[in-house]
J.: 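Please read through the structure below; I'll follow up with questions.
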Amino acid sequence: MISCTKKKPEQFVCDMIIYFVRQVEKGAPTCSHNGVKKQIDLAANSGDFTGKEGQEFLFYPDDSMSLKAKRVPVVGLGKKDLSRETFRKAGGVASRQALQGKAGTLLVVVPVELAFQAGDMAECLAEGLVLGSYQFLKYKKEDEGEKPGKIAKISFYSPKHATAVRRGMHQGLISGRCGNQVRNMANEPGNLWTAVDFALYAKSLALKPRLSCKVLGEKELKRLKMGGLLGVNQGSSQPARLVILEYRTGKKVPTLLLVGKGLTFDSGGISLKPGKGMDRMKYDMCGGAAVMAAMEGVAEEQPENVDVVCIVPSTDNMPGPSALKPGDVITIYGGKTVEVLNTDAEGRLILADALAYGVEKFKPDAVIDLATLTGAVVVGLGHHRTGLLTNDDDLSSSLLAAGERSGEPLWRLPLGREYTKQLESNVADLKNIGGPAGGTITAAAFLEEFVGDAVWAHLDIAGTAWDFTEKSYVPKGASGIGARTLLELIRAWK
Ligand code: BES
Ligand code: MN
Ligand code: ZN
């Protein structure tokens, strides 16, 4: 779908050729192509185009220009310092142009004349193009005549740094696809994406080299005494699953464990949520989707220096006749008891089983869980940053860096005994809510009780999994957050 070409833009036949230019202090932006530069001058003189970030204009080349494309969009990169995010956003703008113009084949002219790493530039342009061209049209009848645009082939042209550009472009393609894969799972409605669908998806991934899959059903969950996942599942008419995917290099390398909340619909259970906006709770499985899509990326890239295991505990949270009730006591894998005072604090219950089991079984060198865990993180950080809570400063730095590089920024919040104390129960080892104060932290403090001495980080993506910061490459609906950060972390793994 993406490749590099040695053909010059003048020789390349396609639907659309895309140029990227910087805004300058005075006058019109410059461009490597003389004919295109003339058009930019015209647009700039008319006041329509300055090259501002996010700005674009489109022209239709005539024969005199010898560009063999119907349309040529020119995308502004702004005048601020260039960053990876600049190119990702520009890729997003370009992809929107392509979809609007129903362009199936694109030529991207990589602006390697700019002072920025060519590999990073190509990576982020590719990523922005792939993420920006995402559409979820599965459940819409196709309009007669009004077919939506679809990008079939993207070619990159770069007169310099061919190796770096090729490598970057390939990486951008993989992480872009990963993000889109998260969106595909997350955008499925609760009735059509259940625990069983997570299991089926994992099984299909396991066909790839070095990947294997194991799915635990009701019988095994009972045998293993996973009272968290089984407890939350009690009110449902759908069976629960604990889905495990393992990427094994076969070498003596560290193991990274990824755990994702796969709550396919969160009604709140007996502690029912208000009706307004409850439909959004189909996205409560975004953590699970993120870790699974990350595994797909790992399988694609086949790293040699790390084994990766992923666990997704999955069920919906429904108020059926056998549902958990406030006051019930359940036993998590490993034996700790929990007094369930609010059945809507269910994510931590299913994650507790998965974390306790994963840490014991796989003895990982690091554990990262992703979950749409608390509304409180939206109050604290809004929709612009994922909450990061961890017991390890090195893992914290690595994750913060990976988030920065992938355009999915994180912000660290504290943990501590004071917060853990809020979870003391009169009847059991713990209660599942810590009161209204510091809700994101007490939720993480709850999880911390189940990871033992493991190096662990928790990402609360409740504010970023949908309604994430408005950007050209982030569509309505699920943002697809998390998988690209994990992939970035694994790429930088030492
Ligand atoms: N899935 C929700 C968290 C959530 C809320 C995500 C809003 C996105 C938007 C989670 O299961 C939940 O209901 N958490 C409760 C916890 C409370 C009962 C302690 C919450 O945040 O209200
Ligand atoms: Mn809930
Ligand atoms: Zn939930």
Side-chain angles (χ1 to χ4, degrees), residues 186 190 193-195 198 228-229 231-236 240 259-290 312-319 323-328 330 338-354 369-387 389 413 419-420 422-425 430-447 458-468 477-479 481-482:
W193 191 269
T194 64
F198 262 123
L229 181 54
V232 174
N233 184 245
Q234 272 170 213
S236 173
V259 176
K261 174 177 173 184
L263 213 293
T264 56
F265 184 78
D266 184 9
S267 73
I270 296 298
S271 315
L272 197 65
K273 284 183 182 297
K276 190 168 175 278
M278 201 203 269
D279 58 293
R280 312 292 277 291
M281 284 300 133
K282 70 180 171 190
Y283 297 133
D284 211 16
M285 35 58 74
C286 282
V312 176
S314 184
T315 173
D316 50 6
N317 182 24
M318 297 293 283
L324 277 179
K325 308 169 294 298
D328 284 0
I330 58 175
V338 176
E339 183 188 13
V340 180
L341 287 176
N342 188 322
T343 66
D344 198 11
E346 84 298 338
R348 62 197 77 183
L349 303 177
I350 70 172
L351 287 168
D353 273 337
D369 77 77
L370 275 76
T372 47
L373 205 60
T374 65
V377 81
V378 191
V379 178
L381 300 177
H383 294 291
H384 310 300
R385 279 174 192 266
T386 292
L389 298 103
L413 298 169
Y419 298 102
T420 310
Q422 285 178 236
L423 298 167
E424 280 175 7
S425 160
L430 285 166
K431 57 186 181 185
N432 77 330
I433 50 171
T440 301
I441 305 174
T442 52
F446 182 92
L447 300 180
H458 159 64
L459 271 57
D460 193 332
I461 56 171
T464 50
W466 66 98
D467 286 347
F468 183 45
S479 65
I481 207 140

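Indexing begins at 1, ligand by ligand and atom by atom, following the structure's order.
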J.: Which atoms from ligand 1 have a heavy atom of K261 less than 4.0 Å away?
T.: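 Close to K261: 1 (N), 10 (C), 11 (O).
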J.: In this structure, does ligand 1 have an atom that sits under 4.0 Å from one of the heavy atoms of K273?
T.: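 Yes; K273 lies near enough to ligand 1 that a heavy-atom distance drops under 4.0 Å.
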J.: Which of the N/O/S atoms in D266 sits closest to the Zn ion (ligand 3)?
T.: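 D266's closest N, O or S atom to the Zn ion (ligand 3) is named OD2.
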J.: Which protein heavy atom lies closest to atom 2 (C) of ligand 1, and at what distance to 0.1 Å?
T.: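 Of every protein heavy atom, D266 OD2, 3.5 Å lies nearest to atom 2 (C) of ligand 1.
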J.: Among the N, O or S atoms of D284, which one sits nearest to the Zn ion (ligand 3)?
T.: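 Result: OD2.
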J.: Taking the side chain as every heavy atom from C-beta outward, state whether L373 and L351 have any atom pair closer than 4.5 Å.
T.: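 Yes, at least one pair of side-chain atoms sits under 4.5 Å.
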J.: Specify which N/O/S atom of E346 comes nearest to the Mn ion (ligand 2), by atom name.
T.: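 Nearest N/O/S atom: OE1.
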J.: Do me a favour and list the nearest non-hydrogen protein atom to atom 6 (C) of ligand 1 with residue, atom name and distance?
T.: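 Answer for atom 6 (C) of ligand 1: A462 CB, 3.5 Å.
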J.: Nearest protein heavy atom to atom 20 (C) of ligand 1, by residue and atom, and its distance?
T.: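 Here the nearest protein heavy atom works out to G375 N, 3.9 Å.
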J.: From K261, does some N, O or S atom reach closer than 2.8 Å to the Zn ion (ligand 3)?
T.: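 So K261 does bind the Zn ion (ligand 3) by this criterion.
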J.: How is the N/O/S atom of D266 that comes nearest to the Mn ion (ligand 2) named?
T.: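 In D266, the heteroatom (N, O or S) nearest the Mn ion (ligand 2) is OD2.
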J.: May I ask you to list the atoms of ligand 1 that are less than 4.0 angstrom from any heavy atom of E346?
T.: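 What qualifies from ligand 1 is 11 (O).
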J.: Just so I know, are the side chains of S267 and M278 near enough to count as touching, which here means a heavy-atom distance under 4.5 Å?
T.: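 When only atoms from C-beta onward are counted, M278 and S267 do touch, with a gap below 4.5 Å.
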J.: For atom 10 (C) of ligand 1, which protein heavy atom lies nearest, and how many Å away is it?
T.: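 The protein heavy atom lying closest is L373 O, 3.3 Å.
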J.: State, with a plain yes or no, whether a side-chain heavy atom of I481 is found less than 4.5 Å away from one of F468.
T.: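 Side-chain contact under 4.5 Å: yes.
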J.: Among protein heavy atoms, which lies nearest atom 9 (C) of ligand 1, and at what distance?
T.: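 Here the nearest protein heavy atom works out to M281 CE, 3.6 Å.
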J.: Do E346 and K261 come within less than 4.5 Å of each other through their side chains, counting heavy atoms only?
T.: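 Yes - at least one pair of side-chain heavy atoms lies under 4.5 Å apart.
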J.: Please determine whether D284 has a backbone or side-chain N, O or S atom lying under 2.8 Å from the Mn ion (ligand 2).
T.: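 No, since none of the N, O or S atoms of D284 sits under 2.8 Å from the Mn ion (ligand 2).
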J.: State whether D344 contributes an N/O/S atom found under 2.8 Å from the Zn ion (ligand 3).
T.: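 So D344 does not bind the Zn ion (ligand 3) by this criterion.
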J.: Under 4.0 angstrom from ligand 1, any heavy atom of W466?
T.: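 Contact check W466 vs ligand 1: positive.
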J.: Is there side-chain contact between L430 and S425, with at least one heavy-atom pair below 4.5 Å?
T.: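 They are not in side-chain contact.
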J.: What is the name of the N/O/S atom in E346 that sits closest to the Zn ion (ligand 3)?
T.: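 Nearest N/O/S atom: OE2.
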J.: Which heavy atom of S271 sits nearest to which heavy atom of P326, and what is that distance?
T.: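 Smallest interatomic distance, heavy atoms only, reads OG-CG, 3.9 Å.
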J.: For the residue pair F198 and W193, is the inter-centroid distance of their aromatic rings smaller than 6.0 Å?
T.: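 For F198 and W193, the ring centres are under 6.0 Å apart.
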J.: At what distance is the nearest protein heavy atom to atom 18 (C) of ligand 1, and which residue and atom is it?
T.: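 Protein heavy atom with the smallest distance to atom 18 (C) of ligand 1: N342 ND2, 3.5 Å.
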J.: Between the side chain of T315 and the main-chain N/O of A240, is any donor-acceptor distance below 3.5 Å?
T.: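 No: the side chain of T315 does not pair with the backbone of A240.
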J.: Scan T343, D284, D266, N233 and name whichever one has a side-chain hydrogen bond (donor to acceptor under 3.5 Å, both in side chains) with N317.
T.: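 Running side-chain hydrogen bond (donor to acceptor under 3.5 Å, both in side chains) over T343, D284, D266, N233 with N317 returns exactly one hit, D266.
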J.: Starting from atom 19 (C) of ligand 1, locate the nearest protein heavy atom and write down its residue, its atom name and how far away it is, to 0.1 Å.
T.: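 Scanning the protein heavy atoms, the shortest distance from atom 19 (C) of ligand 1 goes to I433 CG2, 3.5 Å.
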J.: Side chains of N432 and I330, heavy atoms from C-beta outward: is any pair under 4.5 Å?
T.: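 Counting from C-beta outward, N432 and I330 never come under 4.5 Å.
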J.: In the protein, what heavy atom is nearest to atom 16 (C) of ligand 1, and what distance, to one decimal place, separates them?
T.: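 Ranked first by proximity to atom 16 (C) of ligand 1 is R348 NH2, 3.8 Å.
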J.: Would you indicate which of D284, N317, D344 comes nearest to atom 12 (C) of ligand 1 when only heavy atoms are counted?
T.: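 Residue with the shortest heavy-atom distance to the ligand atom: D344.
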J.: Could you check if a side-chain atom of V338 sits within less than 4.5 angstrom of a side-chain atom of R348, using non-hydrogen atoms only?
T.: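 No. Closest side-chain heavy atoms not under 4.5 Å.
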J.: Provide the closest heavy-atom pair for I441 versus L389 in the form atom of the first, atom of the second, distance.
T.: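 The answer is CA-CD2, 3.9 Å.
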J.: Is there side-chain contact between P313 and D353, with at least one heavy-atom pair below 4.5 Å?
T.: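 In short, these two side chains do not touch, never coming nearer than 4.5 Å.
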